[in-house]
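Down below is the structure, laid out as structure tokens.
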Amino acid sequence: IIGMSSLLKGTELDEEQIDFVETIRMSGDSLLTIINDILDFSKIEAGRMELEEHTFDLYQTIESAVDLLAQKASEKGIELICLIETDVPRIIKSDSTRIRQVLVNLLSNAVKFTKEGEVFVTVKNMGVHESAVDLFIEVKDSGIGIPQDKIRRLFKPFSQVDQSTTRKYGGTGLGLVICRRLCNLMGGEIGVTSVDGEGSTFYFNIVAQVADEAGAPLATQNIPLIVTGKRALVVDDNETNRKVLAYFLKNWGIAFESVDSGDAAAELLKHNSEFDFALVDYHMPGELDGLDLSHLMHRDYPHIPVIMLSSSFNMSDLLRPANIVSWQYKPIKPDRVYKEIARAVMAPSKVASSEPLDDVSLHPDQFDPQRELTILLAEDNVVNQKVFTRQLQKLEYECDVVSDGQEAVESVERQPYDIIFMDVQMPTMDGIEATVAIRSLGGSVRQPLIVALTADRSAQVVETCMEAGMNGAIEKPAHRDEIIRMLNLAFQTNSEPL
């Protein structure tokens, strides 16, 4: 339902039909959420909720959860901000799926109940003892808040603050109950503080093992050789964003000046233009927004490269001045911003030229379909076949289709493929068995990128897929962004066998 309605929305429809299709899609999303909540709650009631401990990158887990809500926050005009403090270990052992589930639930509620302002995620290290770290994660919003006498209802099954809230915003009242149980299983607790009409702060902690390969965060490597001692101009109307940027710039040894508008930046530059680069917010009040300021700087201060920060996800139609060397999407990721700062200060000669530095953010809107790729889809469900092939056609790609794993193996033996999207559960031979068979062919065939298609993207299933020789996994229904990410990966690796 979700996949077909999404495809239908991309066809030529009038406004009324678009509204009908969007209602179908949103209802499908809501029903899928309810089903997942009921299944998790049933496991809790039966005492069958178990964790799957594995080693993973905590930063990527947190950032992927925040990214999931970025588009919705942008549509509501809400600033979504994330700060992972620098002493938080990057590689830990815990259940990444469940950590992400709790955070996404809290973020979804925060965005849902916030009309204006911001949602701010903070991750802190509360201490390490015998290789175990106590992680504290906080989600603070400027939303409608919760009356003190009704907070106690939040963690009760099938209960919300009041019936009017349920009717207006939807929901089963199970999300926070599930979150509490998951936090308990991970050695922590969950709680909330709130002021009616002024916003809420939900917080939880978990205890995890620090992995041996934790190492230093990428954003702290090679600092003395590249960015330390440089000067930055920070322009953003949101105070929390400025504080987060200040936190990382100080950590990287970068001196900076901060202002809250394009007009203030223009005035500052008249008296001091000795900056090595500028971090500029795109959406700002006043006469000069971020793009206007960049045009002014390109004209009057061409030596200052600009890294643009934006909550908008489609900037392809904008006329950008050449001094914008990178376009970074909010919430900012320090690793990416650090890389762009390093590139900007290392290549100042390109700033004043007509060729801006490439943006390496690889956002799906920048996807170039003019790439030759041979694609195979192994999927036994006819409806799923139709949905996936139409999604590829929208991206200007065609694919061969087979309905079981045995046919997939035979297809690979007949001709080379760059990428196979492989359903995990199929008759005759499932996706795991087919992958093992294809990998066992070795150099006798060109080894393709193999991506699992699965309705169950739990850590155990993903690990099984990886052990079989797959290169990634996409959760059904497959989203366009995930498909694009895998096609980009296939294009990058198709010059040589995996």
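Being a predicted model, the structure only gives us computed values, none of them experimental.
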Looking only at heavy atoms, the pair that brings Leu80 and Pro331 closest together is O-CB, 3.2 Å
Checking Ser194 side chain against Ile146 main chain: does a donor-acceptor pair fall under 3.5 Å? yes
Strictly below 4.0 Å, N to O, side chains only: are Glu340 and Arg336 in salt-bridge contact? no
Do the side chains of Leu453 and Val424 get nearer than 4.5 Å, heavy atoms only? no
Could you check whether atom CD of Gln17 has more than 12 heavy atoms from other residues, nucleotides or ligands sitting under 6.0 Å from it? yes
So, does Asn471 use its side chain to make a donor-acceptor pair with the main chain of Val451 at under 3.5 Å? no
Working note: Thr228 + Trp252, criterion side chain to side chain contact (heavy atoms under 4.5 Å, CB included); need CA distance, chi angles, decisive distance, verdict. CA-CA 6 Å; Thr228 296; Trp252 299 333; 6.0 Å; no
For Met466, does the CE atom have more than 12 heavy-atom neighbours from other residues, nucleotides or ligands under 6.0 Å away? yes
Any side-chain heavy-atom pair of Tyr282 and Leu293 under 4.5 Å: no
Note: Ser5 and Val21 closest approach over all heavy atoms is O-CG1, 3.1 Å
If we only count heavy atoms from C-beta on, is the Asn125 to Glu85 side-chain gap below 4.5 Å? no
Considering only NZ, NE, NH1 and NH2 on the basic side and carboxylate oxygens on the acidic side, decide whether Lys339 and Asp335 come within less than 4.0 Å. no
Would you call Leu233 and Val235 a side-chain contact if the rule is heavy atoms closer than 4.5 Å? yes
Regarding Asp281 and Lys330, does a basic nitrogen lie under 4.0 Å from an acidic carboxylate oxygen? yes
Of the non-hydrogen atoms in Ser200 and Gly145, which two are nearest, and what is the gap between them? OG-CA, 3.6 Å
Could you check whether Glu118 and Ser142, counting side-chain N and O atoms only, form a donor-acceptor pair closer than 3.5 Å? no
Would you mind checking if Lys476 and Glu379 are paired as a salt bridge, meaning a charged N to carboxylate O distance below 4.0 Å? yes
Thr86 and Tyr59: which non-hydrogen atoms are nearest, and at how many Å? O-OH, 4.1 Å
Answer whether the closest heavy-atom distance between the side chains of Cys183 and Asn205 falls below 4.5 Å. no
Lys/Arg-Asp/Glu bridge criterion (N-O < 4.0 Å) met for Asp57, Arg90: yes
In terms of heavy-atom contacts, does NZ of Lys243 have more than 12 from other residues, nucleotides or ligands at under 6.0 Å? no
Step by step, work out the side chain to side chain donor-acceptor pair (under 3.5 Å) result for Asn241 and Glu79. CA-CA 9 Å; Asn241 270 329; Glu79 287 280 356; 2.9 Å; yes
Check ion pair Glu75-Lys72 (N to O, under 4.0 angstrom): no
Qualifying ring pair (Phe, Tyr, Trp, His ring centres under 6.0 Å) pairs with a residue from residues 68-101, counting only residues at least two apart or across chains: none
Nearest heavy-atom contact between Leu58 and Pro89 is CD2-O, 3.9 Å
Could you tell me the separation between the CG atom of Leu8 and the CD1 atom of Ile18, rounded to the nearest 0.5 Å? 9.5 Å
So do Phe204 and Cys179 actually touch side chain to side chain, heavy atoms under 4.5 Å? no
Is a salt bridge present between Lys333 and Asp67, judged by a nitrogen-to-oxygen distance below 4.0 Å? yes
Within 6.0 Å of CD in Glu22, more than 12 heavy atoms from elsewhere: yes
Whether the Asp40 and Gln101 side chains hold a donor-acceptor pair (N or O, under 3.5 Å, no angle test) is what I'd like checked. yes
Can you tell if the side chain of Asp237 reaches within under 4.5 Å of the side chain of Ser261, non-hydrogen atoms only? no
With a 4.0 Å cut-off, would you call Glu267 and Lys270 a salt bridge? yes
Nearest non-hydrogen partners of Val280 and Gly290, listed with the distance: CG1-CA, 3.7 Å
Side chains of Glu257 and Asn272: any donor to acceptor distance under 3.5 Å? no
Hydrogens and angles aside, do Ser311 and His283 bring a side-chain donor and acceptor to less than 3.5 Å of each other? no
Flag side-chain contact, heavy atom, 4.5 Å: Met126 against Leu135: no
